[in-house]
Amino acid sequence: MAHATARQRSGSGAWSAALLAMPTLLCYVFLYAPILVLVALSFNASRLSASWEGFTLAWYLKSITNPAVLTSLRNSLVVGAAATAIATALGTAAALAFQRHRFRRQGTLEASFALPTIAPEIILAASLLLLFASIGLQLGFLTIIFAHVAFTVSYAFMVVRARIAGFDRSLEEAAADLGAGPVRTFLLVTLPAIAPAVLAAALLVFALSIDDYVVTSFVAGVGATTLPLQIYSMVKSGVSPEINAISTMLLAATALLLLGAFLLEQGRRPRTAALPALLGLAILGAPFVATGAPAGGSPDVLNLYIWSNYIAPETLAKFERRYGVRVNVDLYDSNEALLAKLQAGNAGYDVICPSDYSVQVLSAQRLLRPLDHALLPHLGNTDAAFLDRPYDPGNRYAVPYFWGTTGIAYSRRRVPEGVDSWAFLWDPRFRGRILMLDDAREVFGAALKRRGRSLNETDAAALEQARNDLLAQKPLVRAYNSSNFEDVLLSGDVWLAQGWNGQFAKAMAQDPDIVYVIPKEGSTLFIDNLAIPVDARRPDLAHKFIDFTLEPEIAAEICQTMKYSSPNRAAWPLLPEDIRRNRAIFPPPDALTRLELLRDLGETTVVYDRLWTEVKSSR
Ligand code: N2P
């Protein structure tokens, strides 16, 4: 009779475990469905996803020999292992405590343990960042591990709790009766009995940690790039089949680990679950066996935080070779992302690339370090037109790196009559074929200019009008994108795109059908600068790097590879004819008179934020 009850109890334990596991599994299927498309493409010999040119494993070989990928994978494994050990131990201890003791308000207490699994990840991420900043913790490995423990411990608790619901305590009592102390009883009786549950929890925690992006992106400091962060930053500088290959490996490894966890949760024997789990771990470890471990980090590292598509790897390699250092690069696509990262504190960057108005914001908040001009002997190469601007008198904090314009690029074939006005981006004929930047100031800038207003409008009624215009435009917009907008235009998905000149100049070099214009109503002129954050760890290297970019040959190379406009007068004669004459890169003087710099709008910034959120969140 007692036997039957125990069976029933463990049966219901298995059921509730299955019930808990199923939604998790379904969520994963849903999350990974888009990547499944990539799986097929990872074997495609063609660089373009559009056409199939035969089967290849070349992208896999390329990705597992890429040092940046290897380093980030190693970081992910270190974080995953630490988070798994800590979260599983904590989760198991909590599950046992709840199983053995009746607490007051047990239900509420248990529910509060489950809460982090349903709380929005972004909120968890932001609050962890705030917590770390307020206790002055430098962002890095430690903060990622803490954060991963914080969001996985509930999963570990829930898995163990569900599995041991029917745990028969009579064995423990028997051991105690025979004279075993609590530690011995735990190690020799309890632990073996609940081992499958603990292992299932560990595998789940590891899988969650290995593939987390959102939380990690908030709390990661420089030099602690995990694999998902690496993949994202590679996507931002252009999607390549290499990314498909890495994603496929990550997907396979996570799926196998989850399968192992699932089998254990189902009550299968550990040996059955070992096969998929070990296979998953083997996939993650294989690159190291194939290529040897990556070289350990050198102590001389320059941490650079810069716009995507703003510096070529070969230029960085030149700096690394010359000074025997390593450059660590993180990318962003909006001034607001840069400001948020710096304002949170402890980001650990040595060089950043703020636009004009952001230099003003950052210097006012004392987040920039005054430059030592004696360490910048090549500063004199900069054309006087870009020096001593009101956002940074005397170039106390920043030196110009690139300048450029915001405009519209379009397909001549699709819009044969030509584009000359922002009004084209509101033309219903192009429904679903328009792309806008994912940038509040730029998108409002376009709407304001269309109505003959300034980019720096602060009048409430004019801003509400712009918001209404943007809401009316939204059904025509295919995407808001500030990273690879030129690729979307090249692929033919959109016919007209708002964007920045350099990337469009690149697209025009690939496809003569593409044209770039600065609308007649006027647009943004930007001057993007290099600057040093106040808490930079290597201001010496930072000055070396900034001065390096000011050398004529280097400045010319940067301009030629990225196709944004160079403020470096000494570099101009070194540029090939086709770059110097390219009107997308160096616009004619009459177009320049129609441009305006964005300014820091102080209090009105929050109005832009609010109105932009209204536009982005409307259906
Ligand atoms: C580079 C974007 C240009 C910066 N991806 C615009 N300020």
Side-chain angles (χ1 to χ4, degrees), residues 232-239 304-313 315-316 329-342 351-362 386 389 391-392 398-409 435-446 449 455-456 479-490 497-509 516 518 522-531 549 555 558-567 582 584-587 592 595-601 608:
Y232 187 58
S233 95
M234 286 169 76
V235 169
K236 280 206 277 186
S237 24
V239 185
L304 171 66
Y305 196 35
I306 190 166
W307 291 89
S308 62
N309 295 293
Y310 245 29
I311 192 151
T315 311
L316 294 172
V329 193
D330 284 344
L331 304 173
Y332 55 85
D333 285 311
S334 74
N335 279 294
E336 288 59 40
L338 167 68
L339 295 177
K341 194 90 188 176
L342 260 80
V351 176
I352 54 169
C353 186
S355 299
D356 30 60
Y357 70 100
S358 306
V359 174
Q360 204 178 338
V361 176
L362 291 170
F386 300 97
R389 303 290 291 224
Y391 61 82
D392 181 28
V399 303
Y401 174 74
F402 264 145
W403 67 280
T405 58
T406 308
I408 302 173
L435 179 147
M436 296 295 282
L437 286 169
D438 189 3
D439 186 303
R441 293 297 302 270
E442 294 286 14
V443 171
F444 273 83
K449 281 288 176 198
L455 294 177
N456 296 303
Y480 296 93
N481 176 336
S482 293
S483 54
N484 63 338
F485 46 85
E486 77 285 15
D487 288 335
V488 186
L489 185 64
L490 271 175
Q498 180 195 30
W500 293 304
N501 63 324
Q503 280 152 265
F504 283 144
K506 271 193 189 169
M508 288 160 72
Y516 176 72
I518 297 171
S523 183
T524 316
L525 165 77
F526 56 83
I527 305 178
D528 293 343
N529 307 266
L530 296 183
T549 67
I558 292 173
C559 174
Q560 219 176 317
T561 47
M562 294 296 122
K563 299 202 164 41
Y564 279 96
S565 327
S566 176
N582 190 324
I585 307 179
F586 292 105
L592 291 181
L595 300 173
E596 209 183 343
L597 277 178
L598 291 169
R599 279 200 318 269
D600 171 24
L601 299 179
Y608 275 77

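First listed ligand is number 1; within each ligand, the first listed atom is number 1.
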Enquirer: Listing by chain and number, which residues have a heavy atom under 4.0 Å from ligand 1?
Expert: W307, S308, Y310, S355, W500, Q503, F526, D528, Y564

Enquirer: Would you tell me whether S355 and Y391 have side-chain atoms, one donor and one acceptor, within less than 3.5 Å of each other?
Expert: no

Enquirer: Between E442 and Q498, is there a donor-acceptor pair closer than 3.5 Å when you use the side chain of the first and the backbone of the second?
Expert: no

Enquirer: Kindly assign one of parallel, tilted or perpendicular to the pair W307 and Y332, based on the angle between their ring planes and the thresholds 30° and 60°.
Expert: tilted

Enquirer: Main chain of G407, side chain of Y516: is a donor-acceptor contact present, judged purely on distance under 3.5 Å?
Expert: yes

Enquirer: When you look at F402 and F526, which way does the ring pair (Phe, Tyr, Trp, His ring centres under 6.0 Å) test go after all the steps?
Expert: CA-CA 8 Å; F402 264 145; F526 56 83; 8.7 Å; no

Enquirer: Check the angle between the aromatic planes of Y310 and Y401 and answer parallel, tilted or perpendicular using the 30° and 60° thresholds.
Expert: tilted

